[in-house]
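Reviewing the structure listed below.
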Amino acid sequence: MNHKDLELLPFYRFASDHISVGIHAIDQNGRTILYNEKMKNIEGLDLHDVADRTLLELFQFDQHESTLLKVLQSGEQVLNVKQTYWNRNGHEITTINDTYPVFQDGILIGAVELARDVTTLERMVYQPLRRYGEPITFSVITAVSDTMKQVISTAKKAATARLSVLLIGEAGTGKDLVAEGIHYELSPPLVHFYTLYCHNSDPTILNKLKEDLVALEESTIFCERIDLLTLAMQQQLFEMVNDPTLSGHLFLASVGADPIDLIASGDLLKDLYYFFATMTIYVPPLRERREDIDPFVHDYFARHRVRFGSIIHGLSLDVRELFHSYDWPGNLKEVEILLDEISSMITTEELVTFEMLPLHFKLKVQEIRKPLKRAEDFVVQTEKDLLPLDEYLREAEMYYLQKVMGMFDGNVTKASNALGMSRQNLQYRLRKMKK
C-alpha cells in the first residue's frame, strides 16, 4: 500500500461506516473481510460475530441462495435482487442487493455486496386495507368500475359453489377484501375468517396454522401471497390443504403476479397452484380502473366525518384531476396511506386542496401537474403555513427548475447553460425531484 492509499484509508473507513447502504465483502473462501455499520444494523450482527466465519455459518440459507456466493462462484455481477433470510439471531431480513466480483490483476479475490434495507417497506406494502371494525361484504365494497363489478360477480359465483379461489393482483389492490367478501357470501355460512400472512417466511407459521385449524370450527382460510413462501413451505401448505381431516374449511389464496410466470421462475409450487386454481380471479390495479378512486375517497371521508366530526367531503377539482392522472403503484393501499396523512392535518376544511398534499406526493405528481406559474404556489402566506427551511428551499428549487425547463421546452443542455451549471448537475437535481 503506497503513501497516498494510507492517507485515504481513514476517509474510506469513515465513508464506509456512515453510508446509508450496507456493505459486506468476502474473500475467495467466503470469509468476511469488510462489514460496515449499516450492514451491522440491518442484520443485527457485529464485526466480531462475522469474523472468521463463512456465510453459511452465519445465515440460515442454502449455498445457492446467497448472492455473494453466487458472484464468488461465477465471477459475474448480480444486480437488484430481493433477498429475505433469517440471521443467526432469528430476525427476518429483507434487502435489495447489488453484488459485484472483485478482481486483482485479473484474478478473482472476493465479492462485495451493497444492500438496501427494505424490511420496514415490505411490511408497509403488504399491510392490508383497514377494516374499520366491521365485516367486509360485497355490499360495502365501493368499487364501481366494470372490471370490479365482474370481479365481484365471479366471486359471488365461487361463494355459491363453495370453490377454492386464487386471487391474482398487485399489492394493495384489495384482494383481501374480495376474499372476505366471499366468506360473508357463503350460504350456509362458515364461522370464522382466518388470514395467513405468507410474506412472513417464519417456518413456524404453518405449524401454528395447523394447530389453529384443528381447534377452529369450520372456517374460511385466506392464505395471502402464497408466492412469498419458500417452496418447502408451499409444499407443507399443499399437504395441509389436502388433509381430509381439514376438509370442512374453505381455502382461498392470493398471489402478486401471473401464476404461470411465478411457476416458471420457481416462485410458486405447481401443485399448490392447481389446488387453488379451481377458480382464478384477477383483481386489476387501480391505474386500470381509475373510476374506483372517487367512491373510495368518498367512503374514506364519510367515515372521517362520522368519527371526528369534520366537515371534509371531497377533493378540489385540481387534486381530483391529479388523483386520476397518477398511476398509484401502491394501489388502494397507497391512496389510503395518503388520505391518512392528509386527514391528520384537517381542521375546518371542506375540500382537500393542492396545498394540503404532503410534499413527497407533490414531488411525485409534478410531471403530471402543469408547471407552477406563480411564485405564490410555494411562497408561504400565513404563519400557519410555515414550512421547515429545507422543505421550503426544495419547493423553491422545484418551482425555479420547472420554470427554466419550460422556457427551453425541456432541453437540458440549454437550461443548464442558462442556469450556469453542468448538464450532469441539472440532470441530478431533476432526478432527485422525481423521487
Side-chain angles (χ1 to χ4, degrees), residues 121 124-132 134 136-156 167-181 224 254 256-257 281-308 310-346 349-370 434-435:
L121 178 62
M124 190 200 79
V125 168
Y126 294 118
Q127 180 183 1
L129 286 157
R130 193 177 298 118
R131 290 297 196 281
Y132 301 103
E134 64 179 283
I136 301 298
T137 64
F138 289 128
S139 62
V140 302
I141 295 178
T142 56
V144 297
S145 62
D146 290 339
T147 53
M148 282 305 294
K149 286 179 180 177
Q150 183 59 48
V151 165
I152 292 172
S153 174
T154 306
K156 286 180 176 179
L167 295 159
I168 305 165
E170 298 174 5
T173 51
K175 300 183 295 296
D176 52 331
L177 304 186
V178 176
E180 190 168 342
E224 185 181 54
S254 70
I281 299 176
Y282 172 66
V283 183
L286 192 57
R287 61 184 173 274
E288 295 179 7
R289 49 182 179 101
R290 297 176 193 271
E291 58 268 46
D292 289 332
I293 296 173
D294 287 344
F296 185 86
V297 172
H298 180 271
D299 182 64
Y300 181 96
F301 285 135
R303 295 175 188 278
H304 191 277
R305 291 195 299 273
V306 170
R307 186 175 180 184
F308 299 103
S310 65
I311 58 174
I312 193 79
H313 64 262
L315 311 174
S316 64
L317 182 59
D318 60 337
V319 172
R320 182 177 179 273
E321 289 176 353
L322 280 178
F323 273 40
H324 280 260
S325 301
Y326 180 58
D327 275 346
W328 300 106
N331 296 294
L332 286 174
K333 187 60 193 175
E334 186 179 0
V335 181
E336 186 177 63
I337 291 172
L338 179 65
L339 293 177
D340 285 346
E341 285 191 75
I342 295 169
S343 63
S344 67
M345 304 298 292
I346 288 174
E349 295 84 358
E350 296 184 24
L351 294 174
V352 175
T353 62
F354 182 79
E355 289 70 27
M356 295 169 64
L357 299 177
L359 180 63
H360 69 83
F361 187 73
K362 291 179 182 178
L363 295 173
K364 286 179 183 177
V365 299
Q366 62 182 312
E367 290 185 349
I368 300 170
R369 195 169 188 250
K370 292 180 180 178
K434 294 176 183 178
K435 293 181 180 178

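What's counted below: heavy atoms across the whole structure, side chains too, no hydrogens, waters or symmetry copies.
Relative orientation of the F361 and W328 rings is parallel, given thresholds of 30° and 60° on the angle between their planes. Note: Y300 and H304 have parallel aromatic rings, judged against thresholds of 30 and 60 degrees for the angle between ring planes.
Applying the side chain to side chain contact (heavy atoms under 4.5 Å, CB included) rule to I152 yields the partners F138, I141, K156; only residues at least two apart in sequence or on another chain are considered. Residues forming a side chain to side chain contact (heavy atoms under 4.5 Å, CB included) with H324 (at least two apart in sequence, or on another chain): R290, I293, D294, R320.
When side chains are defined from C-beta on, R305 counts as touching H313, because their heavy atoms get closer than 4.5 Å.
With S153 contributing its side chain and K149 its backbone, the two residues share no donor-acceptor pair below 3.5 Å. Within the 3.5 Å criterion, the main-chain N or O of V352 finds a donor-acceptor partner in the side chain of S316.
Considering every non-hydrogen atom in both V178 and A155, the closest pair reads CG1-CB, 4.0 Å. Nearest heavy atoms, E350 versus I311: CG-CD1, 3.6 Å. Here the shortest heavy-atom pairing between L339 and F301 reads CD2-CZ, 3.9 Å. Annotation for P284 and T147: closest pair CG-OG1, 3.8 Å, computed over non-hydrogen atoms. A pairwise comparison of heavy atoms in G169 and K175 identifies O-NZ, 3.0 Å as the closest pair. When all heavy atoms of I342 and P358 are compared, the pair lying nearest together is CG1-CD, 4.0 Å.
If you run side chain to side chain contact (heavy atoms under 4.5 Å, CB included) between F323 and each of L315, D318, L286, only L315 comes through.
N331 CG to D292 CG: the interatomic distance, rounded to the nearest 0.5 Å, is 11.0 Å.
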